[in-house]
Amino acid sequence: MPNPPNRRNPPSIPPPLPGSPVARGYDDVNDDAEDFEGDPTGISELASTSLMPPPALQPTVPMTQPLGHGTGTGQGHGQAPAHGVLNQPGPMGPSGHSQPPPFGYPPPPEYRPSGQMPAQAFPHIASHSGMTPPDAAPVARHSHRAVPTMPPQPHGTDPQLQPMAQLSALPGNQSPYVNRSRVYAFVVDETGNPIELGSGRFAKAYRGEERWVESKTTMRRPIAIKCLQRGVSGEDQMRFQMEKEILERVQGHPNIVEILASGEGDNPNFIPPQLRDRVENDFMILELLDMSLEERLKGARQKRRRDDLLAVPMRERIFRVLEYIIPVATAVEYSHLVCDTCHRDIKPANILVKLADPNLRGSQMRVKLADFNVGKVADPDMDLSMTRFQAVPGTLYFQSPEQETNSVELLVNVTQGSPEVEFFEDFYIDIFENDTFSLFNRNENYSIVSSDRQRKKIMLNRPFAEPSEFNVRGRVVKSVGRPADIYSLGAVFYYLITGAYANPKNLYDAFRKFVEYERKDENNSIAAYIEHEYRTITNLRTPKQEGQGAPDLAPEDRFFSYKHYLDGNGELIDPMILVIIAKAMIRNKPDSYCLSYDLKTPGISSMVHDLLSLYVHYGIDPSARLAYQHDSYERPKRDSMMKRAFDKLFKK
């Protein structure tokens, strides 16, 4: 049997012709084989590598075929058209070489199939690659493709703009793609059970591990595997698929959770036996962070790592809150203005946190926005949203008013051939352009162009096509887009600044009368309204007695009239902060960040600017906020001589 390739016995690959496109990468192939020396897994022991033909002899993969029935993109998320497997007919592989050990904890005894020769070495591994031998069994694969220097092109032809079908039609020795495989598996605890990270309405997340198969160091890292639960409704199944698609569209921002791969039904043995009655073989591979912001504030996962915002002074709390809210706001800005995508469910539970290492001076906390399962993509070719299924879901305390009351019922008169609809409601109703009008039990839907509450008229985008009817019930469905994200950001900011104590809905209820104030004068602005409110609060303060600090509010106002302007400790919130919150939650005034019906608003950029300006307001340079975060940093103490001697003798 020939010796496995290593530095002294490199794999025999016929040298290419000088000047050919393959000659540039010939040395790299040999270097990859040589650097596997010292790793317990030889290059010939990697089934997904050893069974592949040399790069110059590999068949071309037609790029016009989909990567799989997962959510594949140019980044390689999804199934590959061909599959490979890692075989283990005992301690030795089919080629006579030992197989790589499974990573994570070893699977339980009943995990491996018995009486089968050969059996899969990693039945719970999903492997993603681009090329696989034809005799391999199905396994999910993931491919990373890089585009090297292209061969000479005809004059006036840009190789980067060529269709993928033309590039894939090149001969095998001119293909501009390389494949690098990664495999994924669940991590199990000492008892052999998968480690659950969290659970939502229709999905569960488990701890997993990623391995780079062709890596020179066999690099591994922890990841999160999000699986669809069994028994969910068809609507929730569709929402899970939409989350894959939308999350892939918004990749590229440091504050949006990274998706590494996705698929469905790749390998039936990928899901551990303990989970097969609870989750489907439909998954997303995501980067792993420590916890959600909700768990961080409540200490639900680790009580010792709870961030008690009420236990710190107001000034320090403001800086802590800004470190949470600014990354989320910048992620929303990117998704709105670059990807034209809305999240529509921003809340602490959908904000993930990776805590800073306390022993590293330059370590920073990472905050990322996740869970785009109710998002919406403004794509004219496809409707990637859940609006067509039901009212747009959200979380009660942080959802916008148009999500909370997505459908409004009206008594109306409609006339065939006329675009005007007459309604008879006297109270204030938010009806604006981009909303949708229809009669109950009718199939026709009409977009609303404008509404006049003085004349009680609704103007449709086209004449009413159905027979005229009088005193019938009509329905207006509110549009939900970018303004809903801005409202939710303001609600989360208010929740955090009060020490994770106050309910944002109570604050919006207090704003409600001002929202309905439609007179056009100098007082109909958010800045004037907040100034009036704080001037009234100042007049209600109790007299300051000698020897006391700042005066408190009168008890009757503390608990009733102006409670929504106080944090959990009874302290008055800075009016400049409340102006930012009000501009986000009140969306029909001249100085609001956006109007509630403007689905293309760029107002999130103004909110990000005002949030960053709070650092300047409190005397901190935004670029130096890391130094302020670590003002109480202490250099790690060196271990004592006795501990070092003990570690040297008894620890490996």
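Values below: all heavy atoms of this structure, side chains included; hydrogens, waters and symmetry mates excluded.
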Looking only at the aromatic ring of each residue, does the gap between the centers of Y184 and F283 stay below 6.0 angstrom?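 Distance test on ring centres: not under 6.0 Å, no.
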
Compute the ring centroids of Y495 and F398, then answer whether they are less than 6.0 Å apart.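 Close enough - the centres of the two rings lie under 6.0 Å apart.
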
Looking only at non-hydrogen atoms, find the nearest pair between [X] and [Y] and report the distance.
X    : Y    : result
V188 : P194 : CG1-N, 3.9 Å
V374 : D345 : CG2-CB, 3.3 Å
A329 : L611 : CB-CD1, 4.0 Å
Q229 : G200 : NE2-O, 3.2 Å
C227 : I271 : SG-CD1, 4.1 Å
V377 : R249 : CG1-NH1, 3.4 Å

Please check if the number of heavy atoms outside K204 that lie under 6.0 Å from its NZ is greater than 12.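 It does: K204 NZ has more than 12 such atoms within range.
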
Any chance CZ of F202 has more than 12 other-residue heavy atoms, nucleotides or ligands included, within less than 6.0 Å?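 Yes, enclosed.
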
Salt bridge [X]-[Y], side-chain N to carboxylate O under 4.0 Å:
X    : Y    : result
R482 : D340 : yes
R221 : E210 : yes
E243 : R239 : no
K244 : E248 : no
K376 : D485 : no

Taking only residues two or more places apart in sequence or in another chain, which ones pass ring-ring contact (aromatic ring centres under 6.0 Å, His included) with H343?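 So H343 forms a ring-ring contact (aromatic ring centres under 6.0 Å, His included) with F372.
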
State which residues pass ring-ring contact (aromatic ring centres under 6.0 Å, His included) with F493; sequence neighbours excluded, sorted by chain then number.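 Checked F493 against ring-ring contact (aromatic ring centres under 6.0 Å, His included); zero matches.
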
What is the distance from atom [atom1] of [X] to atom [atom2] of [Y], rounded to the nearest 0.5 Å?
X    : Y    : atom1 : atom2 : value
I285 : L260 : CD1   : CG    : 7.5 Å
M284 : I223 : CE    : CD1   : 12.0 Å
L293 : K298 : CG    : NZ    : 10.5 Å
N359 : R361 : CG    : CZ    : 13.0 Å
T330 : I256 : OG1   : CD1   : 8.5 Å
E295 : I351 : CD    : CD1   : 12.5 Å

Using only atom types and a distance under 3.5 Å, with no angle test, would you say the side chain of [X] pairs donor to acceptor with the backbone of [Y]?
X    : Y    : value
R230 : R276 : yes
S400 : A484 : no
E209 : R220 : no
Q251 : I259 : yes
R317 : L309 : yes
N255 : V367 : yes
Q274 : G192 : yes

Indicate whether any N or O donor in one side chain lies under 3.5 Å from an N or O acceptor in the other, for E214 and N179.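 E214 vs N179: no donor-acceptor pair found between side chains.
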
Test side chain to side chain contact (heavy atoms under 4.5 Å, CB included) applied to V332 and L489, step by step: CA-CA 9 Å; V332 174; L489 272 176; 4.2 Å; yes

Test item: [X] and [Y] side chains (from C-beta on) under 4.5 Å apart, heavy atoms:
X    : Y    : answer
L369 : V328 : yes
Y324 : R296 : yes
K226 : F240 : yes

Output, in order, the C-alpha distance, side-chain angles, deciding distance and verdict of side chain to side chain contact (heavy atoms under 4.5 Å, CB included) for R320 and L496. CA-CA 9 Å; R320 286 196 189 184; L496 295 177; over 6 Å; no

Given the rule in the salt bridge (Lys or Arg N to Asp or Glu O under 4.0 Å) test, do E287 and K354 qualify, once you have shown the distances and angles that lead to the verdict? CA-CA 11 Å; E287 66 170 316; K354 180 70 174 179; over 6 Å; no

